[in-house]
Amino acid sequence: MATRTSAPALIATRPTRPAATAKSHRTRVLQCSATLVAAGLVLTACGSSDDDGGSGSGPAGSTSFEGRGPITYVAGKDTTGSVQPVLDRWNKLHPKEKVTFIQLPTDADAQRQQMIQNAETKSDAYSVLSLDVVWTSEFAAHQWIDKLPEKQFPLDKMLKPVVATGQYRDGLYSVPVSADGGLLYSRTDLLKKAGVAEPPATWAEMKSACAKVKKLPEAKDMSCYGGQLQKYEGLTVNFSEAVNSAGGIVTDENGKPDVDTPEARKGLDFLADSVKDGTIPKEGITYLEEDSRQAFQSGKLIFLRNWPYVYSLAEKSEVAGKFGVSPLPGLNGPGSSSLGGHNVAVSSYAKNKATALDFAKFFSNEENAGTFLKEASLAPPYGALYDDKALVGQYPYLPVLKESILRAVPRPQVVQYGDVTSKIQQEAYAALTGDKSSAQALKDLQKDLEKAAAQ
Ligand code: GLC
């Protein structure tokens, strides 16, 4: 029971500066400029090249996708249970080239660490990697993944900003399997009972809706809002979204940090003040995606910021039929999401790369994207699936989600992403715990990001 699907204005208006960022980002993609070094972080999201690659450029001595046999697929823990059935289908069709699923922790930073460790030891244990969209540049620049033959993938059927997450300098290094856009999950049953007709478009509306809902006896112990605020990649996402949703930016279109601004402060203040005044529960600063989902499903939260995967799981939980989905709220109107998602890449150190490439094509094809959407409400990279009548029947919020992904603000696409994200996490967390004021945290973050840019 999605709500507001018929109110495109909710997502049509975006804060001016992020909109500019998104536009510039698109321009970069289309124009395929060279690496940009504009006194900023080294941007690496250049446009699509016609080079069909086809040859692995990894340091492991492999110059082409050769060799057939068993492979592994390495990804974060599959909380939706939708991956193994797809792997089983591959294994049935390819009995001599079976894929084994290696599941890493759910925490994005822990996944990144394990994948990097594996690459640094030049291990062949990981063949096909499920990369977070923000890691492509770093993995490609270090030659931990191979350049892919891009003409062999149906990229023209995929949403452009999503394809751009797989590009680094002169080519394609990872292929989208699922996109991710942040959504606001609301307990529409309680909103209705409290006389709130629509989910909130602004943070102020959200807080006032909570005040009304909390007057209901069954809601008096509930908290208003939860997101992902533990010190990990999820905090980078939630911080960036808050900054963008207040009209600020973290870095500009040239990769130059510009986060010490009144707009960014309003964004960070929303999070820090919400922790202070109890809008966000105390334990909210320990939440990863799964903790916040559990809190919402067990009736602890009125509103939840989370990714699309939560929809199908929540529909099987205690709150089934009692919640709706709408765009993220912002300071003066609907907010903007960070662009998330996962892409497949072939490890430079993999054996059996011909099989690995075929598997990457299979795993990222439109049919499987449809399966992941149907079974696990994962946002597909393929534009047409958002307009499919049967799918929109199952997930009425698909048009809203498509818009939100098209308008989502990418996190910095930089080689030194690990440094950038850990500085963001450190400063944002200091503001959440009250160790620093938002103003001080942003001042320090600006300096840190400038330092990272100068390296
Ligand atoms: C989701 C997103 C990913 C993001 C992560 C943060 O997995 O798809 O892009 O980095 O959440 O926790």
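Counting starts at 1 for both ligands and their atoms, in listed order.
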Checklist outcome for this item: Nearest non-hydrogen protein atom to atom 1 (C) of ligand 1, with distance, is W307 NE1, 3.3 Å
Next on the checklist: Can you confirm whether K374 is buried at NZ, in the sense that more than 12 heavy atoms of other residues, nucleotides or ligands lie under 6.0 Å from that atom?
Outcome noted: no
Next on the checklist: Salt bridge check, R89 against E367: does any charged N sit closer than 4.0 Å to a carboxylate O?
Outcome noted: yes
Checklist outcome for this item: Honestly, for H342 the part within reach of ligand 1 (heavy atoms, under 4.0 Å) is side chain
Next on the checklist: Any nitrogen or oxygen of G341, side chain or backbone, less than 3.5 Å from one on ligand 1?
Outcome noted: yes
Item to check | Protein residue, atom and distance nearest to atom 4 (C) of ligand 1, heavy-atom basis | outcome: D132 OD2, 3.2 Å
Item to check | Top protein contact for atom 12 (O) of ligand 1, by heavy-atom distance | outcome: E289 OE2, 2.6 Å
Next on the checklist: Please list all pairs meeting salt bridge (Lys or Arg N to Asp or Glu O under 4.0 Å) that have one or both residues in residues 230-240, counting only residues at least two apart or in different chains.
Outcome noted: E233-R411
Checklist entry - Between the side chains of N244 and S338, does any donor sit under 3.5 Å from an acceptor? => result no
Next on the checklist: Under 3.5 Å, is there a donor on one side chain and an acceptor on the other for Q84 and D88?
Outcome noted: yes
Give every donor-acceptor pair under 3.5 Å between a side-chain atom in residues 278-287 and any protein atom, sequence neighbours left out.
residue, atom, partner, partner atom, Å
T279, OG1, D277, OD1, 2.6
T286, OG1, E283, O, 2.6

Next on the checklist: I'd like to know if E290 pairs up with R293 as an ion pair, taking the criterion as any Lys NZ or Arg NE/NH1/NH2 lying under 4.0 Å from an Asp or Glu carboxylate oxygen.
Outcome noted: yes
Next on the checklist: To check your reading of the model: name the closest protein heavy atom to atom 8 (O) of ligand 1, its residue, and the distance in Å.
Outcome noted: D180 OD2, 2.5 Å
Checklist outcome for this item: A student checking ligand 1 against Y232 at a 4.0 Å heavy-atom cut-off should list atoms 12 (O)
Checklist entry - Can you list the ligand 1 atoms lying under 4.0 Å from a non-hydrogen atom of G234? => result 6 (C), 12 (O)
Item to check | Where ligand 1 meets R411 - atom numbers and elements under 4.0 angstrom, heavy-atom basis | outcome: 3 (C), 4 (C), 9 (O), 10 (O)
